[in-house]
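First up is the structure itself, then whatever we jot down about it.
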Amino acid sequence: METRLFQEDKITEFQRKLLQWYKNHQRKMPWRGSSSPYEIWVSEIMLQQTRVDTVIPYYKRFIDRLPNLKALAEVEDHQLLKLWEGLGYYSRVRNMKETAKFLMEKHAGAFPKRAKELMELKGIGEYTAGAIASICFGERVAAVDGNVLRVMARLTGSTMDIKDAKVKREIIHQVKSLLPAVDIGNFNQALIEVGAIICKPNSKPDCFNCPIIAECIAYEKGLQNEIPIKSPRAEKKQQEITVLLMEHKGRFAIKKRTHSKLLKDLWEFPNIEGKKSSVELTKLLKEWGLKVIECQPLKNSKAIFTHIQWILSGYYLAVEEVQDMERDLMWVTKEELLREYSMASAFKEFRRQLIDGFDPTTNESI
DNA sequence: TGTCCACGTCT
DNA sequence: AAGACGTGGAC
């Protein structure tokens with residue numbers, strides 16, 4: 001077990017400075033000031049891997065439309081997905097609905113109060129459980145996210161890899177030893193906020209405005225730009241995909257990604273693996289029972305995920321029905337497409353072209 | 001251009 | 001333990 005980071009009296013001073021700074025410098029956010037576990041939960045799930053500025057409009061719309069657990073438990077899946085469209089990591093919102101239903105049916109419609117119990121809920125891990133328990137219920141528990149890992153690594157001057165699970169455990173332990181007797185939620189948020197706006201990830205930290213510079217070993221040693229140390233992530237795989245924007249009688253073909261894990265249950269334009277020529281496409285569509293009347297290449301695009309990169313080439317295809325064209329395609333108007341169907345960002349450039357008109361292609365090879 | 005954030009959670 | 005799962009903005 002790790003020894004204390006600071007002496008007793010120094011800890012009190014550290015807590016005071018951090019809480020005072022947070023009181024004066026915290027950014028405004030729609031969920032700040034709320035102690036409703038539902039609202040904090042929604043905000044924390046949205047904030048997982050996602051920036052505050054991106055989350056704010058989604059959060060407002062979500063709470064407006066689904067103000068409580070009951071509303072979320074009862075909402076239709078496609079409406080829910082539409083509220084989440086573009087936020088990414090769509091399993092987050094599937095888990096939320098499952099948890100809402102569970103709490104309504106098995107837990108009298110209320111959240112448990114302890115981090116340990118919160119962690120048993122789908123989609124709530126150690127960080128989110130700590131955040132909800134400390135912010136809403138004042139539990140004396142740490143909430144260590146990526147910001148806190150970075151702040152703590154610099155504070156202690158640690159050159160250990162913060163991606164390492166053991167190092168994270170150690171940091172959670174250290175944060176616990178720094179927790180004040182009361183005001184735990186604000187203390188946790190203060191540490192996160194310092195990480196977000198002072199002890200920044202991608203640029204040099206703003207050390208001269210940092211409330212805890214006096215305790216910072218990295219600063220003392222001039223290592224604030226070297227720490228934290230992180231092992232490099234695995235390389236992305238690349239996949240070429242040919243996307244088909246097929247029009248028939250003023251309607252366009254879309255398809256639901258029912259069996260896919262990636263972007264599950266979102267809608268997409270029909271597509272095939274590999275880079276296909278217009279000749280190959282015409283042949284393929286013939287097998288699908290469709291006759292190509294017109295074929296125009298579209299501007300290529302890229303979609304970058306954490307672990308994969310898609311190279312997308314698109315074609316506009318005016319088609320005619322030859323025989324029964326099942327293939328679980330859905331034929332929708334532009335208006336329906338925008339209003340009713342959730343599409344991942346990977347396909348949004350094509351959707352935009354479809355709605356606004358197709359740009360003249362600038363691809364060299366057709 | 002490319003890399004990082006972004007440990008967050010689940011599997 | 002390590003890979004899957006999204007997105008967009010900063011630098």
Side-chain angles (χ1 to χ4, degrees), chain A residues 41-58 81 84-96 98-99 115 118-132 142-154 160-173 175 188 191-192 195-206 225-239 257 260-268 300-312 342-349 352:
Chain A
W41 174 57
V42 172
S43 74
E44 288 297 346
I45 300 293
M46 285 186 171
L47 286 164
Q48 287 169 5
Q49 317 288 305
T50 313
R51 307 180 127 69
V52 170
D53 289 345
T54 307
V55 164
I56 286 174
Y58 281 91
L81 218 41
W84 207 267
E85 182 184 28
L87 252 194
Y89 287 122
Y90 298 90
S91 66
R92 291 186 290 177
V93 75
R94 279 195 296 276
N95 288 336
M96 281 176 83
E98 201 179 318
T99 289
L118 285 162
M119 242 201 295
E120 288 166 18
L121 302 172
K122 265 254 175 79
I124 298 186
E126 193 166 14
Y127 161 72
T128 306
I132 298 172
V144 174
D145 74 344
N147 292 303
V148 178
L149 287 176
R150 185 173 57 255
V151 171
M152 291 303 294
R154 283 176 174 153
M160 305 288 280
D161 177 4
I162 60 169
K163 281 190 175 175
D164 187 331
K166 274 190 231 146
V167 173
K168 187 191 170 184
R169 286 250 62 84
E170 176 63 27
I171 289 180
I172 291 175
H173 208 79
V175 172
N188 280 332
L191 227 35
I192 294 168
I197 66 187
I198 304 281
C199 200
K200 291 179 285 190
N202 273 331
S203 49
K204 294 190 173 163
D206 187 9
N225 298 331
E226 273 61 55
I227 296 175
I229 305 290
K230 298 182 75 174
S231 52
R233 65 173 78 179
E235 241 174 76
K236 292 187 204 343
K237 291 170 210 149
Q238 295 211 348
Q239 273 184 340
R257 294 174 64 88
S260 154
K261 279 194 176 176
L262 180 66
L263 305 175
K264 182 173 169 55
D265 289 345
L266 274 78
W267 293 80
E268 65 182 1
N300 293 341
S301 68
K302 268 185 191 170
I304 300 165
F305 305 94
T306 313
H307 56 300
I308 308 174
Q309 179 168 357
W310 282 354
I311 320 281
L312 302 156
S342 305
M343 269 197 162
S345 297
F347 297 100
K348 284 218 182 111
E349 174 54 23
R352 191 196 61 73

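Counting only distance, with no hydrogens or angles, the side chain of A:R257 and the backbone of A:E268 share no donor-acceptor pair below 3.5 Å. For the pair A:Y58 (side chain) and A:E85 (backbone), a donor-acceptor distance under 3.5 Å is present.
A:T306 places a side-chain heavy atom less than 4.5 Å from the side chain of A:Y89. Residues A:L87 and A:V93 are not in side-chain contact: their nearest non-hydrogen atoms beyond the backbone lie 4.5 Å or more apart. Residues A:L149 and A:V144 form a side-chain contact, since some pair of their non-hydrogen atoms from C-beta on lies under 4.5 Å apart. In this structure, the side chains of A:H307 and A:K237 stay at 4.5 Å or more apart for every pair of heavy atoms. Side-chain contact check for A:I311 versus A:K302: some heavy-atom pair is nearer than 4.5 Å. A:M46 has its side chain within reach of A:W84: a pair of non-hydrogen atoms, C-beta onward, lies under 4.5 Å apart.
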Contacts under 3.5 Å, N or O only, protein and nucleotides 9-11 of chain B:
| residue | atom | partner | partner atom | Å |
| --- | --- | --- | --- | --- |
| B:dT9 | OP1 | A:G125 | N | 2.7 |
| B:dT9 | OP1 | A:G125 | O | 3.4 |
| B:dT9 | OP1 | A:T128 | N | 3.1 |
| B:dT9 | OP1 | A:T128 | OG1 | 2.6 |
| B:dT9 | OP2 | A:E126 | N | 3.2 |
| B:dT9 | OP2 | A:Y127 | N | 3.2 |
| B:dC10 | OP1 | A:G123 | N | 2.4 |

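The side-chain contact (heavy atoms from CB on, under 4.5 Å) test with A:M96 is passed by exactly one of A:I45, A:I124, A:L121: A:I45.
For the residue pair A:Q48/A:Y127, the side-chain donor-acceptor check at 3.5 Å is not satisfied. A donor atom on one side chain and an acceptor atom on the other are not found under 3.5 Å apart for A:N95 and A:R92.
Within the nucleic acid shown, A:N147 comes within 4.0 Å of sugar-phosphate atoms alone, with no base atom in reach, counting heavy atoms only. A:R150 comes within contact range of the sugar-phosphate backbone alone, with a heavy-atom separation under 4.0 Å but no base atom that close.
Nearest to the side-chain atoms of A:Y89 among the listed nucleotides C:dG6, C:dT7, B:dC7 stands C:dG6. For A:K237, whose side chain is taken as the heavy atoms from C-beta onward, the closest listed nucleotide among B:dC7, C:dA4, C:dT7 is C:dA4. For A:D145, counting side-chain heavy atoms from C-beta on, the closest listed nucleotide (C:dT7, B:dG8, B:dC7) is B:dG8. Counting only heavy atoms from C-beta on, A:K302 has its side chain closest to B:dG2 among C:dA4, B:dG2, B:dC7.
In this structure, the NZ atom of A:K348 is 13 Å from the P atom of C:dG6, given to the nearest Å. Regarding A:L47, its CG atom lies at a distance of 15 Å from the P atom of B:dC7, rounded to whole Å. The distance from atom CH2 of A:W310 to atom C1' of C:dT7 is 13 Å, rounded to the nearest whole Å. Rounded to a whole Å, the OH atom of A:Y90 is 11 Å from the C1' atom of C:dC5. One can place CD1 of A:I45 at 17 Å from P of B:dA6, the figure rounded to the nearest angstrom. One can place NZ of A:K236 at 11 Å from C1' of C:dG6, the figure rounded to the nearest angstrom. Rounded to whole angstrom, the span from the CH2 atom of A:W84 across to the C1' atom of C:dC5 amounts to 13 Å. If you measure from atom CE of A:M46 to atom P of C:dT7, you get 15 Å, rounded to the nearest angstrom.
At a cut-off of 3.5 angstrom, the base of C:dG6 holds at least one donor-acceptor pair with the side chain of A:T306. Scanning atom types as modelled, one donor and one acceptor separated by under 3.5 angstrom connect the side chain of A:T50 and the base of C:dG6.
Where A:M343 and A:A165 each meet DNA chain C at their nearest nucleotide, the meeting point lying more 5' is that of A:A165. When each of A:K166 and A:T54 is assigned the nucleotide of DNA chain C with its nearest heavy atom, A:K166 is the one assigned upstream, toward the 5' end.
Contact between the side-chain N/O atoms of A:K200 and the OP1/OP2 oxygens of B:dC4 is not found at any separation under 4.0 Å. At C:dC5, one or more side-chain N or O atoms of A:H307 fall inside 4.0 Å of OP1 or OP2 (strictly under the cut-off). Listed pair A:Q49 / B:dG8 meets the phosphate criterion, a side-chain N or O lying under 4.0 Å from OP1 or OP2. Remark: A:K163 is not in phosphate contact with C:dA1, judged by side-chain N or O atoms under 4.0 Å from OP1 or OP2.
With both ends at atom P, the span from B:dG2 to C:dC5 equals 23 Å, rounded to whole Å. Comparing the P positions of C:dG3 and B:dC4 gives an interatomic distance of 16 Å, to the nearest angstrom.
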With pairs defined as Watson-Crick or G-U wobble and both distances under 3.5 angstrom, please note down DNA chain B as a dot-bracket string, | for pairing with another strand.
-> .||||..||||
